[in-house]
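Beneath this line is the structure, given in structure tokens, with notes to follow.
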Amino acid sequence: MTELLKGKNIVVMGVANERSIAWGVTKSLHNAGANLIFTNRQERSHKKLIKLLDDNQIEARQIVSCDVSDDASINTAFNEIKEEVGVIHGLVHAIAFANREDLKGEFSDTSRDGFLLAQNISAFSLVAVTKAAKELMTEGGSIVTQTYLGAERVIPNYNVMGVAKASLEASVRYLAEDVGKHGIRVNAISAGPIRTLAAKGVSGFNEKLGMVEEKAPLRRNVDQDQVGDATLFFLSDLSRGVTGEVLHVDSGYHIIG
Ligand code: NDP
């Protein structure tokens, strides 16, 4: 896999710590020879990222701050990236957020603000960063986001985030149509449950892990590295005929009734 992304500039959004899906992605992309550019929101995540890169001897081409709830922050981040590298070939969107109180109990109890917050950070953010990234993808490109089965089916407690992921997956299809004519592809990975900081916010998360182990065809959970390699596939030319797709990396759990 060494040469798959050699010389390609890829932006990775969403490394919070070593458990982040975006960190699994980072390792796969690094092994494939990519030049990596990172965006962080919180200072705490920035510090963790610096240490992780250092510990793993991975060199970042650039690290910029980006809060996807703020258009000015997105513009500044992508302008800084343009100044540094000029052209980008890929973007990994691994960002979501909802209030903890909206990730338990009944979906109908979701507040208007909670609903809009989840949509804003978890779905609209892909629309906004695709628009910004497109300007830098002058040689074509590939955009990959991270979704979950809760978009397709009712998964207990996933509630407002399931609806946000449905919106994210529909956005993948509409964006794929928009940017396809510029040689840019947009796809999503639908990963099985993985214990991360964001996952901790969802009530009953351990039961989800148990269900996959018991019922999925492969009888085991997936990890960040498996999602990383599937994301690498979407970023590389191996998937050049694929866009607007949602690929399940979930040990096959989604096919079981
Ligand atoms: P993490 O908590 O590790 O990552 C979530 C990331 O979202 C953090 O880096 C966080 O940045 C970022 N983020 C939140 N709000 C903002 C914002 N306003 N602006 C910029 N960044 C923001 O969890 P995961 O790795 O699990 O999550 C990554 C993606 O994978 C999410 O879309 C999630 O829904 C999806 N996913 C997760 C699954 C799982 O079981 N873990 C399964 C399927 C999909 P910061 O820390 O700086 O705030």
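Predicted model only: the values in this text are computed from it and were never measured. The chain is numbered in sequence order, starting from 1. Counting convention: from 1, in listed order, for ligands and their atoms alike.
For ligand 1, the polar-atom distance check finds an N/O of Ile95 within less than 3.5 Å of one of the ligand's N/O atoms. In terms of polar-atom proximity, defined here as any N/O pair under 3.5 Å, Thr196 does make such a contact with ligand 1. Any N or O atom pair closer than 3.5 Å counts here, and Tyr158 shares no such pair with ligand 1. Between Gln42 and ligand 1, an N or O atom pair is found at a separation short of 3.5 Å.
If you look at Cys66 next to ligand 1, the close heavy atoms, those under 4.0 Å, all belong to the backbone. Residue-level proximity to ligand 1 for Thr39 is absent, since no heavy atom of it falls below 4.0 angstrom. Contacts of Thr147 with ligand 1, taken as heavy-atom pairs under 4.0 Å, involve the backbone alone. At a 4.0 Å heavy-atom cut-off, ligand 1 touches Val68 through backbone and side chain alike. When heavy-atom distances to ligand 1 are checked against a 4.0 Å cut-off, Ala16 comes that close through both its backbone and its side chain.
Two residues are said to be in side-chain contact when any heavy atoms from C-beta on lie closer than 4.5 Å; Ile255 and Pro217 meet this criterion. Within the 4.5 Å cutoff, the side chain of Leu168 has heavy atoms near those of the Thr145 side chain.
No donor-acceptor pair under 3.5 Å is formed between the side chain of Glu169 and the backbone N or O of Ala188. Checked by atom type and distance alone, the side chain of Asp250 never pairs as donor or acceptor with a backbone atom of Ala191 at under 3.5 Å. Between the side chain of Arg185 and the backbone N or O of Ile143, no donor-acceptor pair lies under 3.5 Å. Although no hydrogens or angles enter the test, the distance criterion places a donor-acceptor pair under 3.5 Å between the side chain of Ser239 and the main chain of Phe233. At distances below 3.5 Å, not a single donor-acceptor pair connects side-chain atoms of Thr243 with backbone N or O atoms of Ala176. With hydrogens and angles ignored, the 3.5 Å screen pairs no side-chain donor or acceptor of Asn56 with any backbone N or O of Ile58.
Under a 4.0 angstrom heavy-atom cut-off, Ser73 registers as lying outside contact with ligand 1. Residue contact annotation: Lys165 has a non-hydrogen atom under 4.0 Å from ligand 1.
Around atom 45 (P) of ligand 1, the closest heavy atom drawn from Ser125, Gly14, Ser45, Gly201 belongs to Ser45. The option with the heavy atom closest to atom 27 (O) of ligand 1, from among Ser69, Ala198, Ala199, is Ala198. When the heavy atoms of Arg41, Glu43, Arg19 are ranked by distance to atom 15 (N) of ligand 1, first place goes to Arg41.
For atom 10 (C) of ligand 1, no protein heavy-atom neighbour is present inside the 4.0 Å cut-off.
In summary, the side chains of Glu139 and His89 do present a donor paired with an acceptor at a separation below 3.5 Å, with no hydrogens or angles considered. Neither side chain, Thr110 nor Asp102, offers a donor N or O lying under 3.5 Å from an acceptor on the other.
A salt bridge links Arg61 with Glu84; the closest basic N to acidic carboxylate O contact falls under 4.0 Å.
A perpendicular orientation is assigned to the rings of Tyr158 and Tyr148, their planes being inclined by more than 60° (bins at 30° and 60°).
Counting the atoms of ligand 1 from 1 in the order shown, those under 4.0 Å from a heavy atom of Ala191 are 42 (C), 43 (C). For ligand 1, the atoms closer than 4.0 angstrom to any heavy atom of Gly192 are 40 (O), 42 (C). Listed by number with element, the atoms of ligand 1 under 4.0 Å from a non-hydrogen atom of Pro193 are 40 (O). Of all atoms in ligand 1, numbered sequentially from 1 with element shown, those under 4.0 Å from a heavy atom of Ile21 are 25 (O), 30 (O), 36 (N), 37 (C), 38 (C). Residue contact check: Ser20 has heavy atoms under 4.0 Å from atoms 1 (P), 3 (O), 25 (O) of ligand 1. Every atom of ligand 1 with a heavy atom of Asp67 under 4.0 Å away is listed here by number and element: 17 (C), 18 (N), 19 (N).
Ranking the protein heavy atoms by distance from atom 31 (C) of ligand 1 puts Ala96 CB, 3.6 Å first. For atom 28 (C) of ligand 1, the nearest protein heavy atom (residue, atom name, distance) is Ala94 O, 3.3 Å. Protein heavy atom closest to atom 35 (C) of ligand 1, with residue, atom name and distance, is Gln146 CB, 3.8 Å. Of the protein's heavy atoms, Ile194 O, 2.9 Å lies nearest to atom 41 (N) of ligand 1.
Residue Val202 is not grouped with residue Ile21 when hydrophobic side chains (ILVMFWY) are merged at heavy-atom distances under 4.5 angstrom, including chains of intermediate members.
Once rounded to the nearest 0.5 Å, the distance linking OG1 of Thr26 with NE2 of His30 reads 10.0 Å. In this structure, CD1 on Ile88 lies 12.5 Å from NZ on Lys134, to the nearest 0.5 angstrom.
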